[in-house]
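Read the structure below first, then the notes.
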Amino acid sequence: YRVLLELLNLRCRLLEQWIEEEASVMAAQEEGHAEALRRMEQQVQELASEVVEQQAAFQDQVSAMSAQQEKLEQQHCEDYSLWSEELLRGRE
């Protein structure tokens with residue numbers, strides 16, 4: 001009976017030691033995961049800022065292109081009017 005009790009005590013101590021080691025390893029892994037999560041959150045924030053900047057730049061580019069298109073359309077209309085007037089004067 002005594003031998004069995006000593007074997008069980010030894011087994012319990014070994015299991016306690018193993019559990020403590022596992023807890024230590026898990027705590028270190030958890031810290032690593034928390035740090036990785038913080039880095040990913042920071043990257044997401046940086047990417048979101050970059051997307052906002054790109055969208056603003058794109059809108060500026062679209063606005064500039066629209067203004068240029070309007071200017072070209074106006075110039076085309078003016079050129080067409082001049083051409084029409086010259087054509088009518090040429091017929092007179």
Side-chain angles (χ1 to χ4, degrees):
Y1 177 76
R2 184 177 243 158
V3 172
L4 183 59
L5 187 61
E6 285 182 30
L7 286 174
L8 287 174
N9 280 335
L10 177 62
R11 176 133 173 100
C12 285
R13 282 192 303 258
L14 289 173
L15 286 173
E16 284 177 353
Q17 183 181 6
W18 177 78
I19 289 172
E20 288 173 1
E21 289 172 0
E22 283 295 310
S24 176
V25 167
M26 291 297 166
Q29 284 181 347
E30 188 175 326
E31 287 177 21
H33 292 152
E35 178 61 28
L37 180 60
R38 281 190 294 274
R39 285 194 310 266
M40 287 175 62
E41 287 173 344
Q42 183 180 1
Q43 288 176 350
V44 166
Q45 289 175 349
E46 290 171 0
L47 285 172
S49 295
E50 289 177 18
V51 166
V52 168
E53 289 175 13
Q54 284 180 348
Q55 286 176 336
F58 178 75
Q59 279 303 113
D60 291 345
Q61 202 172 26
V62 167
S63 296
M65 291 173 71
S66 293
Q68 184 179 14
Q69 181 180 1
E70 287 178 19
K71 184 179 177 181
L72 289 172
E73 287 174 358
Q74 183 179 5
Q75 184 64 44
H76 176 73
C77 288
E78 289 172 4
D79 289 348
Y80 183 76
S81 294
L82 288 174
W83 177 77
S84 295
E85 288 175 12
E86 289 175 6
L87 185 63
L88 288 175
R89 273 189 255 139
R91 287 186 178 176
E92 292 175 356

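Computed from a predicted structure; not experimentally measured. Just so it is clear, the values below take in all heavy atoms, side chains as well, and ignore hydrogens, waters and symmetry mates.
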From [atom1] ([X]) to [atom2] ([Y]), nearest 0.5 Å:
X     : Y     : atom1 : atom2 : result
Leu10 : Leu5  : CG    : CG    : 11.5 Å
Glu20 : Ser24 : CD    : OG    : 9.5 Å
Ile19 : Met26 : CD1   : CE    : 12.0 Å
Leu47 : Gln54 : CG    : CD    : 9.5 Å

Side-chain H-bond candidate by donor/acceptor type, Glu73 with Gln69, under 3.5 Å: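 A donor-acceptor contact under 3.5 Å links the two side chains.
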
If you apply the rule salt bridge (Lys or Arg N to Asp or Glu O under 4.0 Å), what do you find for Glu86 with Arg89, and how did you get there? CA-CA 5 Å; Glu86 289 175 6; Arg89 273 189 255 139; 5.7 Å; no

With a sphere of 6.0 Å drawn around CD of Glu30, does it hold more than 12 non-hydrogen atoms of other residues, nucleotides or ligands?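 Open: at most 12 neighbouring heavy atoms sit under 6.0 Å from CD of Glu30.
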
Is the number of heavy atoms from other residues, nucleotides or ligands within 6.0 Å of CD (Glu22) greater than 12?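 Yes, the 6.0 Å shell around CD holds more than 12 heavy atoms from other groups.
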
Are the side chains of Glu21 and Gln17 in touch, meaning some heavy atoms are under 4.5 Å apart?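 Side chain of Glu21 against side chain of Gln17, heavy atoms only: contact under 4.5 Å found.
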
Within the 4.5 Å heavy-atom criterion, are Glu6 and Arg2 side-chain neighbours or not?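 SC-SC contact between Glu6 and Arg2 confirmed.
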
Salt bridge check: are Arg38 and Glu35 linked by an N-O gap of less than 4.0 Å?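 Yes, this pair counts.
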
Would you say the side-chain atoms of His76 pair up with the backbone N or O of Leu72, donor to acceptor, closer than 3.5 Å?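 Not at all, since once roles are kept as given, no pair shorter than 3.5 Å links the two residues.
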
When you measure from the side chain of Ser84 to the backbone of Tyr80, do you find a donor-acceptor pair of N or O atoms at a distance under 3.5 Å?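 Yes, the answer is positive, given that a donor and an acceptor are paired below the 3.5 Å cut-off.
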
Would Glu78 and Leu82 count as a side chain to side chain contact (heavy atoms under 4.5 Å, CB included) if you check the C-alpha gap in whole Å, the side-chain angles of each, and the deciding distance to 0.1 Å? CA-CA 6 Å; Glu78 289 172 4; Leu82 288 174; 5.6 Å; no

